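Keep in mind that what you see is a predicted model, and the values were worked out from it rather than measured.
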Amino acid sequence: MRNTMHESQPSLFPPIIANRHGMLAVDSLHTIYWEEVGNPDGTPVLFLHGGPGAGLSPQHRRFFDPRHYRIILFDQRGAGKSTPLGEWRNNTTQLLMEDIETLRAMFGIKQWLVFGGSWGSTLALAYGQAYPERCLGFILRGIFLCTASEIDWFLHGVEQFYPELYDDFIALIPVAERGDLLQAYVSRMLCDDPARYWPAARAWSRFEGRRVFLRPQSEEPASDTLDLGVGRLESHYMANLGFFEEGQLMRDIKRIAHLPAFIVQGRYDVICPPVSAYRLHQAWPGSRIHMIADAGHGALETGIASALVAATEQFRRLGRFE
């Protein structure tokens, strides 16, 4: 699930360019884009974008004090500047975690703070549970645990709040196929016919993008990169339950329960409803949670952005969260 916005927020650090960036072939099919920002000798932090498939924005560099943090960001397989765009083959959570470990070794980092929002929170939890010894702690936003009920909400439950968007979303699918809406979209988006996959990708991306924010935003210019990455990869991952066993991320929280965590959640998030963040906090004794009373899902909504920056600053000062 994406995390974009048009307006720069005064709570963020000033815009900054990458010190280094490049492309890394991770297998015979996928090449991922990476960048390093900030202090090369600073506390390492890994940024995980949403989606899957949404990719990076220059705004994502601005949650961290570049004088203190060594910020590592990358476009996950099939997203943003990574190639091939929208490629779902050889694209699983387990392979994304291998890519993270490849990057960590490439940068010579022993441990890092892990920062992720929406799908990025999912990947952060999965990575942490697989490699707890590599993590200093977590800053997580818009929690998505990739359960069947969350996926059903994303596709169907939200009709209760956005019936007009839901009607637009299902309009592309013949009535006979609407009994399994996810599979209907997957069959279109993961085919090789542009006449079938482009309309589906654009409809999926608009269905999500128009409900990211609590308050209405001006319409984003169309982005083929965003539409194809989000449409194809979100549907691919949802159809496979994120490549998790049902309830896996909550079941295995004990593996990272000793590590500090700060959870930021919009109270009116209709993409990743707050119950997931609340249940995660309950199961994680050392975690802190901040429910933002006047926000939806967007990472750069004012209250959410401010809370995320406050979390990175608190970790900078204390190495933990209070």
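- Residue T312 holds its OG1 atom at 9.5 Å from CZ of R317, rounded to the nearest 0.5 Å.
- Remark: R232 qualifies as a cation-pi partner of Y197 under the 6.0 Å distance and 45° angle criteria applied to the six-membered ring.
- Of the N and O atoms on the side chains of T147 and S149, at least one donor lies less than 3.5 Å from an acceptor on the other residue.
- Between the side chain of S187 and the main chain of A184, a donor-acceptor pair closer than 3.5 Å is present.
- Here the shortest heavy-atom pairing between V114 and C135 reads CG2-SG, 4.0 Å.
- E150 places a side-chain N or O within 3.5 Å of a backbone atom of C146 that can act as its donor or acceptor partner.
- Inter-residue side-chain proximity for Q129 and I253 is flagged as met; some heavy-atom pair is nearer than 4.5 Å.
- With no hydrogens or angles considered, a side-chain donor-acceptor pair links Y127 and E101 at under 3.5 Å.
- Put simply, CD on Q111 and OG1 on T43 are 11.0 Å apart, with the number rounded to the nearest 0.5 Å.
- Checked by atom type and distance alone, the side chain of S287 never pairs as donor or acceptor with a backbone atom of A261 at under 3.5 Å.
- Aromatic ring centres of H236 and F243: separated by under 6.0 Å.
- Between R77 and D99, at least one side-chain nitrogen of the basic residue sits less than 4.0 Å from a carboxylate oxygen of the acidic one, meeting the salt-bridge criterion.
- The same ILVMFWY cluster, assembled from side-chain heavy atoms under 4.5 Å apart, contains both F13 and L300.
- Cluster partners of L95 are absent, since no Ile, Leu, Val, Met, Phe, Trp or Tyr has side-chain heavy atoms less than 4.5 Å from it.
- Atom-to-atom distance recorded for T83:OG1 and M23:CE is 4.5 Å, nearest 0.5 angstrom.
- Neither side chain, S82 nor D75, offers a donor N or O lying under 3.5 Å from an acceptor on the other.
- Summarising the local packing, CZ of R267 is surrounded by 12 or fewer heavy atoms from other residues, nucleotides or ligands at distances under 6.0 Å.
- The local environment of CZ in R196 is crowded, with over 12 non-hydrogen atoms from other residues, nucleotides or ligands closer than 6.0 Å.
- Taking the six-membered ring for Trp and the full ring otherwise, the centers of W112 and F107 sit at least 6.0 Å from each other.
- For the pair R104/Y131, no side-chain contact is recorded, criterion being any heavy-atom separation below 4.5 Å from C-beta on.
- Look at E177 and R188 and you find a salt bridge, because one of the NZ, NE, NH1 or NH2 atoms lies within 4.0 Å of a carboxylate O, short of that distance.
- Taking the side chain as every heavy atom from C-beta outward, L136 and F315 approach each other to under 4.5 Å.
- Residues E301 and L214 have side chains in contact (heavy-atom distance under 4.5 Å, counting atoms from C-beta outward).
- Side chains of N91 and E87: no donor on one and acceptor on the other come within 3.5 Å.
- Within the 4.5 Å cutoff, side-chain heavy atoms of W284 are placed close to those of I256.
- Using a 30° and 60° split on the angle between ring planes, F47 and H60 fall in the parallel class, below 30°.
- Ion pairing of D224 with R202 is present here, as a side-chain N (NZ or NE/NH1/NH2) and a carboxylate O approach within less than 4.0 Å.
- By the 4.5 Å heavy-atom criterion applied to side chains, Y237 and T93 are counted as neighbours.
- In this structure, the side chains of V37 and F64 stay at 4.5 Å or more apart for every pair of heavy atoms.
- Applying side-chain contact (heavy atoms from CB on, under 4.5 Å) to L48 and the options I100, L73, L96 leaves one that passes, I100.
- Within a 6.0 Å sphere centred on OH of Y268, heavy atoms belonging to other residues, nucleotides or ligands number 12 at most.
- Taking a cutoff of 4.0 Å between a charged side-chain nitrogen and a carboxylate oxygen, E322 and R288 do not qualify as a salt bridge.
- Ring geometry for Y185 against F169 counts as parallel: the plane angle stays under 30°, on a 0 to 90° scale with 60° as the upper cut.
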- Query: Would Q248 and R251 count as a side chain to side chain donor-acceptor pair (under 3.5 Å) if you check the C-alpha gap in whole Å, the side-chain angles of each, and the deciding distance to 0.1 Å?
  - Reply: CA-CA 5 Å; Q248 177 181 327; R251 181 197 71 201; 4.6 Å; no

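- By the criterion of side-chain heavy atoms lying less than 4.5 angstrom apart, applied directly or through intervening Ile, Leu, Val, Met, Phe, Trp or Tyr residues, M189 is not grouped with W198; the two fall into different hydrophobic clusters.
- Residue M106 is grouped with residue L46 when hydrophobic side chains (ILVMFWY) are merged at heavy-atom distances under 4.5 angstrom, including chains of intermediate members.
- Looking at E246, its side chain does come within 3.5 Å of a backbone N or O of A148 through a donor-acceptor pair.
- Contact annotation: the side chain of F154 approaches that of R211 to within less than 4.5 Å [non-hydrogen atoms, C-beta and beyond].
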